[in-house]
Amino acid sequence: MDKTLSTEISMSEKKKYKVFVSGAISTQFIADSIAKHSTKTTIGAHDIFLGQVRSDVIENKTVKAIDYSAYEEMAEEKFHEIREAAFTKFELTCMHLYHSMGIVKTGEICLFVFVSAKHRTAAFEACRWITEEIKANVPVFGKEIFEDETYAWKVNTK
Amino acid sequence: MDKTLSTEISMSEKKKYKVFVSGAISTQFIADSIAKHSTKTTIGAHDIFLGQVRSDVIENKTVKAIDYSAYEEMAEEKFHEIREAAFTKFELTCMHLYHSMGIVKTGEICLFVFVSAKHRTAAFEACRWITEEIKANVPVFGKEIFEDETYAWKVNTK
Amino acid sequence: MNITVRFFGLVAEVAGSSSAELTDIADCNSLIEKLNTDFPKLNNCQYSVAVNKIIATENINLNDGDEVALLPPFAGG
Amino acid sequence: MNITVRFFGLVAEVAGSSSAELTDIADCNSLIEKLNTDFPKLNNCQYSVAVNKIIATENINLNDGDEVALLPPFAGG
(Lines give C-alpha, C1' and ligand atoms only; values in the text may rest on other atoms or scores of the structure.)
Protein backbone atom coordinates (compact mmCIF):
# COMPACT_ATOMS: atom_id res chain seq x y z
CA MET A 1 0.00 0.00 0.00
CA ASP A 2 2.66 2.45 1.02
CA LYS A 3 4.63 1.73 -2.11
CA THR A 4 1.67 2.23 -4.43
CA LEU A 5 0.83 5.48 -2.75
CA SER A 6 4.34 6.87 -3.02
CA THR A 7 4.51 5.90 -6.71
CA GLU A 8 1.30 7.75 -7.37
CA ILE A 9 2.53 10.83 -5.60
CA SER A 10 5.79 10.85 -7.47
CA MET A 11 3.99 10.50 -10.82
CA SER A 12 1.63 13.33 -10.07
CA GLU A 13 4.55 15.48 -8.93
CA LYS A 14 6.42 14.69 -12.11
CA LYS A 15 3.53 16.01 -14.18
CA LYS A 16 3.95 19.42 -12.60
CA TYR A 17 6.64 21.06 -14.60
CA LYS A 18 9.09 23.05 -12.52
CA VAL A 19 9.12 26.60 -13.92
CA PHE A 20 10.74 28.70 -11.21
CA VAL A 21 14.50 28.87 -11.04
CA SER A 22 16.55 30.67 -8.43
CA GLY A 23 18.12 33.90 -9.71
CA ALA A 24 18.94 34.79 -13.33
CA ILE A 25 18.61 32.35 -16.24
CA SER A 26 22.09 31.86 -17.71
CA THR A 27 22.80 31.98 -21.44
CA GLN A 28 24.57 28.61 -21.04
CA PHE A 29 21.31 27.12 -19.78
CA ILE A 30 19.53 28.57 -22.82
CA ALA A 31 22.17 27.15 -25.18
CA ASP A 32 21.91 23.72 -23.55
CA SER A 33 18.11 23.82 -23.85
CA ILE A 34 18.35 24.57 -27.57
CA ALA A 35 21.04 21.90 -28.11
CA LYS A 36 18.81 19.24 -26.55
CA HIS A 37 16.40 19.68 -29.46
CA SER A 38 18.85 18.59 -32.15
CA THR A 39 17.61 15.02 -31.78
CA LYS A 40 14.01 16.11 -32.38
CA THR A 41 14.25 16.26 -36.14
CA THR A 42 10.56 16.91 -36.81
CA ILE A 43 11.17 20.43 -35.50
CA GLY A 44 11.63 23.11 -38.15
CA ALA A 45 11.16 26.26 -36.08
CA HIS A 46 11.96 27.48 -32.59
CA ASP A 47 10.73 30.75 -31.17
CA ILE A 48 12.32 31.96 -27.97
CA PHE A 49 11.24 34.89 -25.86
CA LEU A 50 13.61 36.23 -23.23
CA GLY A 51 12.70 38.82 -20.66
CA GLN A 52 15.68 40.90 -19.56
CA VAL A 53 15.77 43.22 -16.56
CA ARG A 54 15.97 46.86 -17.68
CA SER A 55 17.77 49.63 -15.83
CA ASP A 56 14.68 51.82 -15.93
CA VAL A 57 14.92 55.26 -14.38
CA ILE A 58 12.00 56.04 -12.07
CA GLU A 59 11.90 59.44 -10.41
CA ASN A 60 15.63 59.90 -11.07
CA LYS A 61 16.53 56.55 -9.54
CA THR A 62 18.01 53.76 -11.63
CA VAL A 63 16.89 50.14 -11.25
CA LYS A 64 19.79 47.81 -10.49
CA ALA A 65 17.86 44.57 -9.94
CA ILE A 66 14.41 43.06 -9.55
CA ASP A 67 13.59 40.83 -6.61
CA TYR A 68 10.92 38.38 -7.80
CA SER A 69 8.47 36.64 -5.52
CA ALA A 70 5.32 34.69 -6.31
CA TYR A 71 2.29 32.94 -4.99
CA GLU A 72 4.17 29.84 -6.06
CA GLU A 73 1.44 27.20 -5.72
CA MET A 74 -0.99 29.23 -7.82
CA ALA A 75 1.74 30.27 -10.27
CA GLU A 76 2.75 26.65 -10.93
CA GLU A 77 -0.90 25.81 -11.57
CA LYS A 78 -1.24 28.73 -13.97
CA PHE A 79 1.93 27.73 -15.84
CA HIS A 80 0.50 24.24 -16.13
CA GLU A 81 -2.81 25.56 -17.49
CA ILE A 82 -0.99 27.80 -19.99
CA ARG A 83 1.12 24.82 -21.17
CA GLU A 84 -1.92 22.60 -21.66
CA ALA A 85 -3.89 25.32 -23.42
CA ALA A 86 -0.97 26.14 -25.74
CA PHE A 87 -0.58 22.50 -26.77
CA THR A 88 -4.31 22.45 -27.59
CA LYS A 89 -4.35 25.77 -29.45
CA PHE A 90 -1.14 25.38 -31.48
CA GLU A 91 0.59 22.55 -33.29
CA LEU A 92 3.67 22.34 -31.12
CA THR A 93 6.39 19.76 -30.74
CA CYS A 94 7.55 20.99 -27.37
CA MET A 95 7.56 23.87 -24.95
CA HIS A 96 9.71 24.94 -22.02
CA LEU A 97 9.03 27.74 -19.57
CA TYR A 98 11.36 29.16 -16.95
CA HIS A 99 10.92 32.15 -14.67
CA SER A 100 13.32 33.55 -12.12
CA MET A 101 12.66 33.85 -8.40
CA GLY A 102 14.69 36.13 -6.16
CA ILE A 103 17.23 38.68 -7.32
CA VAL A 104 17.90 39.25 -11.04
CA LYS A 105 20.27 42.09 -11.91
CA THR A 106 19.79 44.49 -14.83
CA GLY A 107 20.95 42.93 -18.07
CA GLU A 108 20.19 39.42 -16.82
CA ILE A 109 17.44 37.12 -18.10
CA CYS A 110 14.38 36.54 -15.91
CA LEU A 111 11.96 34.79 -18.32
CA PHE A 112 12.65 32.10 -20.91
CA VAL A 113 9.79 30.95 -23.12
CA PHE A 114 10.90 28.31 -25.60
CA VAL A 115 8.49 26.90 -28.17
CA SER A 116 9.28 24.42 -30.95
CA ALA A 117 7.10 23.34 -33.87
CA LYS A 118 7.26 21.77 -37.28
CA HIS A 119 6.42 25.09 -38.91
CA ARG A 120 7.18 28.66 -37.95
CA THR A 121 3.63 30.05 -37.79
CA ALA A 122 2.69 27.84 -34.84
CA ALA A 123 5.97 28.65 -33.08
CA PHE A 124 5.54 32.42 -33.48
CA GLU A 125 1.90 32.46 -32.44
CA ALA A 126 2.36 30.16 -29.48
CA CYS A 127 5.42 31.95 -28.11
CA ARG A 128 3.68 35.30 -28.14
CA TRP A 129 0.44 33.93 -26.74
CA ILE A 130 2.23 32.12 -23.91
CA THR A 131 4.27 35.20 -22.99
CA GLU A 132 1.16 37.39 -22.84
CA GLU A 133 -0.63 34.78 -20.74
CA ILE A 134 2.27 34.62 -18.29
CA LYS A 135 2.41 38.39 -17.94
CA ALA A 136 -1.37 38.66 -17.45
CA ASN A 137 -2.24 35.62 -15.36
CA VAL A 138 0.69 34.30 -13.35
CA PRO A 139 0.94 35.76 -9.84
CA VAL A 140 4.56 36.90 -9.89
CA PHE A 141 5.58 40.10 -8.12
CA GLY A 142 8.64 42.20 -8.72
CA LYS A 143 10.38 44.62 -6.44
CA GLU A 144 12.51 47.03 -8.45
CA ILE A 145 15.60 47.73 -6.40
CA PHE A 146 17.33 51.04 -7.11
CA GLU A 147 21.00 51.83 -6.91
CA ASP A 148 20.47 53.61 -3.57
CA GLU A 149 18.87 50.40 -2.14
CA THR A 150 15.36 51.89 -2.04
CA TYR A 151 12.73 50.06 -4.07
CA ALA A 152 9.33 50.22 -5.78
CA TRP A 153 6.86 47.50 -6.77
CA LYS A 154 6.79 46.87 -10.50
CA VAL A 155 3.67 46.83 -12.67
CA ASN A 156 3.77 45.23 -16.13
CA THR A 157 3.32 47.22 -19.32
CA LYS A 158 3.63 46.12 -22.95
CA MET B 1 45.17 60.44 -49.88
CA ASP B 2 45.67 56.69 -49.76
CA LYS B 3 44.96 56.62 -46.09
CA THR B 4 41.67 58.53 -46.40
CA LEU B 5 40.53 56.25 -49.19
CA SER B 6 41.26 53.07 -47.30
CA THR B 7 39.45 54.39 -44.22
CA GLU B 8 36.41 55.17 -46.33
CA ILE B 9 36.39 51.73 -47.85
CA SER B 10 36.70 50.02 -44.53
CA MET B 11 33.82 52.09 -43.13
CA SER B 12 31.55 51.26 -46.02
CA GLU B 13 32.44 47.59 -45.73
CA LYS B 14 31.67 47.68 -42.06
CA LYS B 15 28.16 48.90 -42.85
CA LYS B 16 27.40 45.74 -44.79
CA TYR B 17 26.55 43.27 -42.12
CA LYS B 18 27.86 39.75 -42.71
CA VAL B 19 24.89 37.39 -42.51
CA PHE B 20 26.09 34.17 -44.09
CA VAL B 21 28.04 31.73 -41.98
CA SER B 22 29.57 28.48 -43.15
CA GLY B 23 27.64 25.41 -42.01
CA ALA B 24 25.34 25.11 -39.00
CA ILE B 25 24.89 27.85 -36.40
CA SER B 26 26.06 26.49 -33.04
CA THR B 27 24.11 26.85 -29.82
CA GLN B 28 27.29 28.23 -28.25
CA PHE B 29 27.28 31.04 -30.82
CA ILE B 30 23.64 31.76 -29.94
CA ALA B 31 24.44 31.81 -26.21
CA ASP B 32 27.37 34.17 -26.77
CA SER B 33 25.18 36.47 -28.87
CA ILE B 34 22.59 36.65 -26.10
CA ALA B 35 25.26 37.17 -23.41
CA LYS B 36 26.69 40.17 -25.30
CA HIS B 37 23.42 42.01 -24.66
CA SER B 38 23.69 41.98 -20.88
CA THR B 39 25.45 45.35 -21.05
CA LYS B 40 22.56 46.86 -23.03
CA THR B 41 20.32 47.52 -20.08
CA THR B 42 17.63 49.42 -21.96
CA ILE B 43 16.60 46.05 -23.44
CA GLY B 44 13.60 44.40 -21.79
CA ALA B 45 12.71 41.80 -24.41
CA HIS B 46 14.50 39.53 -26.87
CA ASP B 47 12.74 37.46 -29.49
CA ILE B 48 14.77 34.80 -31.23
CA PHE B 49 13.69 32.73 -34.20
CA LEU B 50 15.71 29.65 -35.06
CA GLY B 51 15.24 27.61 -38.21
CA GLN B 52 16.18 23.96 -37.72
CA VAL B 53 16.64 21.42 -40.53
CA ARG B 54 13.86 18.81 -40.45
CA SER B 55 14.23 15.18 -41.41
CA ASP B 56 11.25 15.41 -43.75
CA VAL B 57 10.24 12.29 -45.62
CA ILE B 58 9.66 12.92 -49.33
CA GLU B 59 8.55 10.01 -51.48
CA ASN B 60 9.79 7.55 -48.85
CA LYS B 61 13.20 9.16 -48.61
CA THR B 62 14.40 10.88 -45.46
CA VAL B 63 16.24 14.21 -45.54
CA LYS B 64 19.60 14.04 -43.78
CA ALA B 65 20.92 17.53 -44.59
CA ILE B 66 20.29 20.67 -46.59
CA ASP B 67 23.01 22.15 -48.78
CA TYR B 68 22.40 25.90 -48.89
CA SER B 69 23.56 28.16 -51.70
CA ALA B 70 22.63 31.74 -52.52
CA TYR B 71 22.92 34.59 -54.94
CA GLU B 72 25.12 36.05 -52.25
CA GLU B 73 25.54 39.62 -53.52
CA MET B 74 21.77 40.06 -53.89
CA ALA B 75 21.06 38.20 -50.64
CA GLU B 76 23.37 40.49 -48.65
CA GLU B 77 21.62 43.50 -50.19
CA LYS B 78 18.23 42.07 -49.29
CA PHE B 79 19.32 41.37 -45.72
CA HIS B 80 20.54 44.95 -45.52
CA GLU B 81 17.19 46.27 -46.80
CA ILE B 82 15.25 44.09 -44.36
CA ARG B 83 17.45 45.34 -41.49
CA GLU B 84 16.93 48.99 -42.39
CA ALA B 85 13.19 48.55 -42.91
CA ALA B 86 12.80 46.72 -39.58
CA PHE B 87 14.58 49.52 -37.69
CA THR B 88 12.19 51.99 -39.31
CA LYS B 89 9.03 49.96 -38.75
CA PHE B 90 9.69 48.79 -35.17
CA GLU B 91 11.20 50.33 -32.05
CA LEU B 92 14.24 48.10 -31.76
CA THR B 93 17.43 48.32 -29.77
CA CYS B 94 19.32 45.87 -31.94
CA MET B 95 19.04 43.10 -34.46
CA HIS B 96 21.29 40.27 -35.62
CA LEU B 97 20.71 37.97 -38.59
CA TYR B 98 22.64 34.84 -39.49
CA HIS B 99 21.98 32.28 -42.20
CA SER B 100 23.94 29.15 -43.01
CA MET B 101 25.66 28.44 -46.30
CA GLY B 102 26.68 24.92 -47.32
CA ILE B 103 25.75 21.72 -45.51
CA VAL B 104 23.50 21.80 -42.44
CA LYS B 105 22.46 18.43 -41.03
CA THR B 106 18.99 17.60 -39.69
CA GLY B 107 18.55 18.88 -36.15
CA GLU B 108 21.06 21.68 -36.72
CA ILE B 109 20.25 25.40 -36.85
CA CYS B 110 20.36 27.17 -40.24
CA LEU B 111 18.71 30.54 -39.46
CA PHE B 112 19.13 32.79 -36.43
CA VAL B 113 17.00 35.93 -36.21
CA PHE B 114 17.68 37.87 -33.02
CA VAL B 115 15.74 41.01 -32.18
CA SER B 116 15.95 43.08 -29.00
CA ALA B 117 13.73 45.93 -27.86
CA LYS B 118 12.70 47.86 -24.81
CA HIS B 119 9.27 46.23 -24.87
CA ARG B 120 8.06 42.83 -26.01
CA THR B 121 5.49 43.90 -28.62
CA ALA B 122 8.14 45.42 -30.87
CA ALA B 123 10.40 42.40 -30.43
CA PHE B 124 7.67 39.90 -31.30
CA GLU B 125 6.39 41.82 -34.30
CA ALA B 126 9.82 42.57 -35.72
CA CYS B 127 11.14 39.03 -35.32
CA ARG B 128 8.18 37.55 -37.18
CA TRP B 129 8.19 40.21 -39.87
CA ILE B 130 11.93 39.81 -40.49
CA THR B 131 11.68 36.03 -40.68
CA GLU B 132 8.84 36.21 -43.21
CA GLU B 133 10.78 38.77 -45.26
CA ILE B 134 13.85 36.54 -45.33
CA LYS B 135 11.84 33.51 -46.42
CA ALA B 136 10.04 35.49 -49.14
CA ASN B 137 12.69 37.81 -50.51
CA VAL B 138 16.21 36.56 -49.93
CA PRO B 139 17.60 34.43 -52.79
CA VAL B 140 18.74 31.39 -50.83
CA PHE B 141 18.42 27.93 -52.32
CA GLY B 142 18.35 24.61 -50.51
CA LYS B 143 19.15 21.18 -51.78
CA GLU B 144 17.57 18.56 -49.55
CA ILE B 145 19.97 15.65 -49.40
CA PHE B 146 18.43 12.26 -48.62
CA GLU B 147 19.97 9.39 -46.74
CA ASP B 148 20.65 7.58 -50.03
CA GLU B 149 22.63 10.63 -51.29
CA THR B 150 19.98 11.59 -53.86
CA TYR B 151 18.51 15.07 -53.46
CA ALA B 152 15.63 17.42 -54.27
CA TRP B 153 15.40 21.20 -54.38
CA LYS B 154 13.49 22.65 -51.44
CA VAL B 155 10.59 25.10 -51.70
CA ASN B 156 9.49 27.09 -48.63
CA THR B 157 6.11 26.61 -46.98
CA LYS B 158 4.77 28.16 -43.77
CA MET C 1 -14.57 27.46 10.28
CA ASN C 2 -11.07 28.68 9.47
CA ILE C 3 -9.89 30.71 6.52
CA THR C 4 -6.22 31.26 5.71
CA VAL C 5 -5.44 34.61 4.13
CA ARG C 6 -2.14 35.10 2.31
CA PHE C 7 -0.60 38.45 1.39
CA PHE C 8 1.93 39.00 -1.40
CA GLY C 9 4.22 41.74 -2.66
CA LEU C 10 3.11 45.24 -1.83
CA VAL C 11 0.04 43.90 0.00
CA ALA C 12 2.21 41.84 2.36
CA GLU C 13 4.34 44.90 2.97
CA VAL C 14 1.33 47.09 3.72
CA ALA C 15 -0.25 44.41 5.95
CA GLY C 16 3.09 43.94 7.69
CA SER C 17 2.55 40.19 7.43
CA SER C 18 2.47 37.38 4.86
CA SER C 19 -0.62 35.65 6.22
CA ALA C 20 -3.54 35.76 8.63
CA GLU C 21 -5.98 33.21 10.03
CA LEU C 22 -9.62 34.25 10.23
CA THR C 23 -12.65 32.42 11.59
CA ASP C 24 -16.36 32.67 10.85
CA ILE C 25 -16.24 34.63 7.62
CA ALA C 26 -19.21 34.02 5.30
CA ASP C 27 -17.85 35.32 2.02
CA CYS C 28 -15.17 37.37 0.25
CA ASN C 29 -16.85 40.69 0.85
CA SER C 30 -17.00 40.11 4.60
CA LEU C 31 -13.40 38.97 4.53
CA ILE C 32 -12.25 42.16 2.80
CA GLU C 33 -14.26 44.24 5.28
CA LYS C 34 -12.66 42.43 8.21
CA LEU C 35 -9.16 42.81 6.73
CA ASN C 36 -9.71 46.52 6.15
CA THR C 37 -10.49 46.84 9.85
CA ASP C 38 -7.53 44.72 10.99
CA PHE C 39 -5.09 46.26 8.48
CA PRO C 40 -6.41 49.78 7.75
CA LYS C 41 -3.67 50.52 5.18
CA LEU C 42 -5.10 47.84 2.88
CA ASN C 43 -7.88 50.31 1.98
CA ASN C 44 -5.42 52.15 -0.26
CA CYS C 45 -4.08 49.02 -1.88
CA GLN C 46 -4.82 47.69 -5.35
CA TYR C 47 -5.15 43.90 -5.41
CA SER C 48 -7.15 41.01 -6.82
CA VAL C 49 -8.51 38.19 -4.69
CA ALA C 50 -7.88 34.49 -5.34
CA VAL C 51 -9.90 31.83 -3.56
CA ASN C 52 -8.15 28.46 -3.58
CA LYS C 53 -5.82 29.75 -6.36
CA ILE C 54 -8.64 30.92 -8.63
CA ILE C 55 -9.20 34.64 -9.19
CA ALA C 56 -12.59 35.67 -7.79
CA THR C 57 -14.46 37.97 -10.14
CA GLU C 58 -17.51 38.24 -7.88
CA ASN C 59 -18.37 37.70 -4.23
CA ILE C 60 -17.79 34.04 -3.27
CA ASN C 61 -19.02 32.10 -0.23
CA LEU C 62 -16.16 30.77 1.86
CA ASN C 63 -15.84 27.33 3.43
CA ASP C 64 -13.71 25.87 6.18
CA GLY C 65 -10.12 25.44 5.02
CA ASP C 66 -10.32 27.85 2.09
CA GLU C 67 -7.19 29.78 1.20
CA VAL C 68 -7.75 33.37 0.14
CA ALA C 69 -4.87 35.34 -1.40
CA LEU C 70 -4.60 39.09 -1.89
CA LEU C 71 -2.55 39.65 -5.05
CA PRO C 72 -1.11 43.00 -6.10
CA PRO C 73 -0.60 43.67 -9.85
CA PHE C 74 1.42 40.94 -11.57
CA ALA C 75 4.90 41.74 -12.77
CA GLY C 76 6.14 38.48 -14.26
CA GLY C 77 8.74 38.36 -17.01
CA MET D 1 26.91 45.22 -75.43
CA ASN D 2 27.48 42.40 -72.96
CA ILE D 3 25.06 40.85 -70.50
CA THR D 4 26.10 38.42 -67.79
CA VAL D 5 23.52 35.79 -66.93
CA ARG D 6 23.79 33.87 -63.67
CA PHE D 7 22.01 30.61 -62.85
CA PHE D 8 21.27 29.34 -59.35
CA GLY D 9 20.03 26.18 -57.67
CA LEU D 10 17.84 24.00 -59.82
CA VAL D 11 18.19 26.43 -62.73
CA ALA D 12 21.98 26.10 -62.71
CA GLU D 13 21.60 22.35 -62.62
CA VAL D 14 19.18 22.34 -65.54
CA ALA D 15 21.33 24.77 -67.54
CA GLY D 16 24.40 22.70 -66.71
CA SER D 17 26.23 25.94 -65.94
CA SER D 18 26.34 28.71 -63.37
CA SER D 19 26.63 31.58 -65.83
CA ALA D 20 26.53 32.66 -69.46
CA GLU D 21 27.69 35.75 -71.37
CA LEU D 22 25.31 37.11 -74.00
CA THR D 23 25.71 40.02 -76.42
CA ASP D 24 23.19 42.25 -78.18
CA ILE D 25 20.09 41.47 -76.14
CA ALA D 26 17.55 44.29 -76.05
CA ASP D 27 15.44 43.29 -73.07
CA CYS D 28 14.50 40.54 -70.62
CA ASN D 29 11.99 38.90 -72.91
CA SER D 30 14.55 38.51 -75.70
CA LEU D 31 17.04 37.22 -73.16
CA ILE D 32 14.64 34.51 -71.94
CA GLU D 33 13.89 33.56 -75.53
CA LYS D 34 17.59 33.25 -76.30
CA LEU D 35 18.25 31.21 -73.16
CA ASN D 36 15.38 28.86 -73.98
CA THR D 37 17.04 28.20 -77.33
CA ASP D 38 20.53 27.74 -75.85
CA PHE D 39 19.29 25.71 -72.84
CA PRO D 40 16.05 24.01 -73.96
CA LYS D 41 15.43 22.42 -70.55
CA LEU D 42 14.94 25.88 -69.04
CA ASN D 43 11.48 25.91 -70.65
CA ASN D 44 10.26 23.58 -67.91
CA CYS D 45 11.84 25.54 -65.10
CA GLN D 46 10.14 27.84 -62.61
CA TYR D 47 12.22 30.92 -61.80
CA SER D 48 12.10 34.63 -61.27
CA VAL D 49 14.40 37.09 -63.02
CA ALA D 50 16.56 39.65 -61.24
CA VAL D 51 18.23 42.47 -63.17
CA ASN D 52 21.14 43.96 -61.26
CA LYS D 53 19.87 42.23 -58.11
CA ILE D 54 16.33 43.62 -58.37
CA ILE D 55 13.45 41.26 -59.19
CA ALA D 56 11.94 42.22 -62.58
CA THR D 57 8.17 42.17 -62.49
CA GLU D 58 7.82 43.28 -66.14
CA ASN D 59 9.94 43.32 -69.27
CA ILE D 60 13.03 45.50 -68.73
CA ASN D 61 15.43 46.99 -71.28
CA LEU D 62 18.96 45.75 -70.79
CA ASN D 63 22.16 47.79 -70.94
CA ASP D 64 25.81 46.93 -71.37
CA GLY D 65 27.22 45.35 -68.22
CA ASP D 66 23.87 44.37 -66.73
CA GLU D 67 23.75 41.23 -64.62
CA VAL D 68 20.66 39.09 -65.02
CA ALA D 69 20.00 36.23 -62.59
CA LEU D 70 17.56 33.33 -62.98
CA LEU D 71 16.37 32.44 -59.49
CA PRO D 72 14.43 29.29 -58.61
CA PRO D 73 12.00 29.38 -55.64
CA PHE D 74 13.66 30.63 -52.47
CA ALA D 75 14.24 28.21 -49.62
CA GLY D 76 15.96 30.29 -46.95
CA GLY D 77 15.70 29.51 -43.28
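Throughout, protein chains are lettered first and strands after them, A, B, ... in sequence-line order, and every chain is numbered starting at 1. For the numbers below, each heavy atom of this structure counts, side chains included, while hydrogens, waters and symmetry mates do not. Fair warning: this is a prediction, and the values are worked out from it, not measured in the lab.
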Where is the tightest heavy-atom contact between [X] and [Y], given as atom of each residue plus distance?
X: B/Pro139; Y: D/Leu71; result: CB-CD1, 4.2 Å
X: B/Gly142; Y: D/Ala75; result: N-CB, 3.8 Å
X: D/Phe74; Y: B/Lys135; result: CB-O, 3.9 Å

Is it true that atom [atom1] of [X] has more than 12 heavy atoms of other residues, nucleotides or ligands lying nearer than 6.0 Å?
X: B/Lys61; atom1: NZ; result: yes
X: D/Glu33; atom1: CD; result: no
X: B/Glu81; atom1: CD; result: yes

Kindly indicate, with the supporting measurements, whether the criterion side-chain contact (heavy atoms from CB on, under 4.5 Å) is fulfilled by B/Met74 and D/Phe8.
CA-CA 12 Å; B/Met74 179 174 160; D/Phe8 292 92; over 6 Å; no

With a 4.5 angstrom heavy-atom cut-off, is it the side chain or the backbone of [X] that approaches chain D, or both, or neither?
X: B/Ala136; result: backbone
X: B/Ala75; result: neither
X: B/Tyr71; result: both
X: B/Asn137; result: backbone

With a strict 4.5 Å heavy-atom criterion, list every residue of residues 45-62 of chain D that contacts chain B, or say none.
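At a heavy-atom separation under 4.5 Å, chain B is reached by D/Ala50, D/Lys53, D/Ile55.
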
